[in-house]
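Notes follow once the structure below has been shown.
What you see below is based on every heavy atom in this structure, not just the backbone, and it leaves out hydrogens, waters and symmetry mates. Just so it is clear, the model here is predicted, and its values are computed rather than measured.
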Amino acid sequence: MKWAKPYFMDAFCAKMTSTQQSEIANHLQKGYVPPGSLVHLFIRQYEKMQFDRDSEESYREKRTKLGGVLLAQNLPIEIHASKIYTKDMFENFGEMLYECGSYVLIKVVPRREYIARHVKKDSRDKWCKTEFRVQVNKLADEFKCECGMFEHFGMVCSHALKVMIQLGLQEVPAGQILKRWTRDARLGDNNADAYALAMDQLRNVKTLLCGAIKEETSGVPYDKPQ
């Protein structure tokens with residue numbers, strides 16, 4: 001219980017703390033916009049950043065569609081995961097599948113509650129947590145592990161995955177899948193109408209700013225567009 005942060009977070013934060021999210025966003029912007037820049041330069045560089053992010057997303061989508069997947073154990077649940085997750089996230093799923101081989105299950109309440117115990121429990125460092133309690137609902141479509149990985153990262157943990165395999169599940173339960181990690185996920189800027197509207201607004205702001213700067217430097221009144 002000393003390591004409380006991963007346990008009390010009920011909101012998704014992609015393996016980051018709230019301050020890290022802010023710092024990463026700031027770091028990304030600083031790579032495009034020098035400190036102290038004027039607003040019109042910020043807008044121009046923001047468009048470039050948006051273009052680069054779109055290109056990166058398109059590359060990863062193409063990699064997911066064209067790249068083959070390598071099954072580690074050829075389990076039905078693994079085959080299902082290979083069809084729903086992006087290539088990068090399926091690789092993470094594969095790591096969890098590999099790690100779950102290091103745990104044995106102890107039944108607390110059959111089909112409702114288990115303890116995943118590490119096979120090398122006695123030889124691991126004392127500060128290492130070696131047992132994790134996994135709770136399952138009646139329909140076996142919702143799993144809650146005390147490690148808090150799903151709540152913190154949005155990916156099923158090795159302990160819950162061990163229980164899923166024990167129960168003979170053929171697919172990853174829908175409640176344990178976040179759409180943002182799947183092949184069907186799309187960023188808001190991939191909505192053509194929303195993207196066009198956002199870019200129109202940015203261009204309008206840019207025009208207004210350039211006109212205001214021109215008016216200030218030249219003294220000639222600027223006719224704002226209606």
Exercise for the section: With rounding to the nearest 0.5 Å, note down the distance linking SG in Cys157 to CD in Glu151. Expected result: 8.5 Å

Practice task
Check whether any side-chain heavy atom of Phe143 lies under 4.5 Å from a side-chain heavy atom of Val163, and answer yes or no.
Solution key: yes

Completion exercise
Taken to the nearest 0.5 Å, the spacing of Thr130 OG1 from Arg124 CZ works out to 7.5 Å

Problem - Any donor-acceptor N/O pair, Gln135 side chain to Cys145 backbone, under 3.5 Å - result: no

Practice task
Please answer: with hydrophobic residues joined when any side-chain heavy atoms are less than 4.5 Å apart, are Ile165 and Ile115 in the same cluster?
Solution key: no

Handout entry: Heavy-atom side-chain proximity of Leu167 to Arg111 below 4.5 angstrom
Key = yes

Practice task
Answer yes or no: is there a donor N or O on one side and an acceptor on the other, between the side chain of Asn137 and the main chain of Ala140, under 3.5 Å?
Solution key: yes

Exercise for the section: Show your reasoning for whether side-chain contact (heavy atoms from CB on, under 4.5 Å) applies to Val172 and Ile77. Expected result: CA-CA 6 Å; Val172 180; Ile77 197 170; 3.8 Å; yes

Exercise for the section: Could you tell me whether Lys129 sits above the aromatic face of Phe132, with NZ or CZ closer than 6.0 angstrom to the six-membered ring centre and within 45 degrees of the axis? Expected result: yes

Exercise for the section: Answer yes or no: is there a donor N or O on one side and an acceptor on the other, between the side chain of Glu78 and the main chain of Gln73, under 3.5 Å? Expected result: yes

With a 3.5 Å cut-off and sequence neighbours excluded, list the donor-acceptor pairs that the side chains of residues 98-109 form with protein atoms.
from   : atom 1 : to     : atom 2 : distance (Å)
Tyr103 : OH     : His159 : NE2    : 3.4

Problem - Leu169 CG to Leu75 CG distance, which is reported to the nearest 0.5 Å - result: 11.5 Å

Practice task
Sorted by first residue and then second, give each salt bridge (Lys or Arg N to Asp or Glu O under 4.0 Å) pair with at least one member in residues 132-143; sequence neighbours left out.
Solution key: Glu113-Arg133

Exercise for the section: Find out whether Ile84 and Asp184 are in side-chain contact, i.e. whether some heavy atom of one side chain is under 4.5 Å from a heavy atom of the other. Expected result: no

Exercise for the section: Check whether any side-chain N or O of Gln166 sits under 3.5 Å from a backbone N or O of Lys162 as a donor-acceptor pair, and report yes or no. Expected result: no

Problem - Heavy-atom side-chain proximity of Trp181 to Asn92 below 4.5 angstrom - result: no

Handout entry: Side chain Arg183, main chain Thr86, donor-acceptor under 3.5 Å
Key = no

Exercise for the section: Pick out which of Met155, Met89, His80 makes a side-chain contact (heavy atoms from CB on, under 4.5 Å) with Ile177. Expected result: His80

Practice task
Flag the pair Val156 / Met164 as yes when at least one side-chain heavy-atom distance between them is below 4.5 Å, and no otherwise.
Solution key: yes

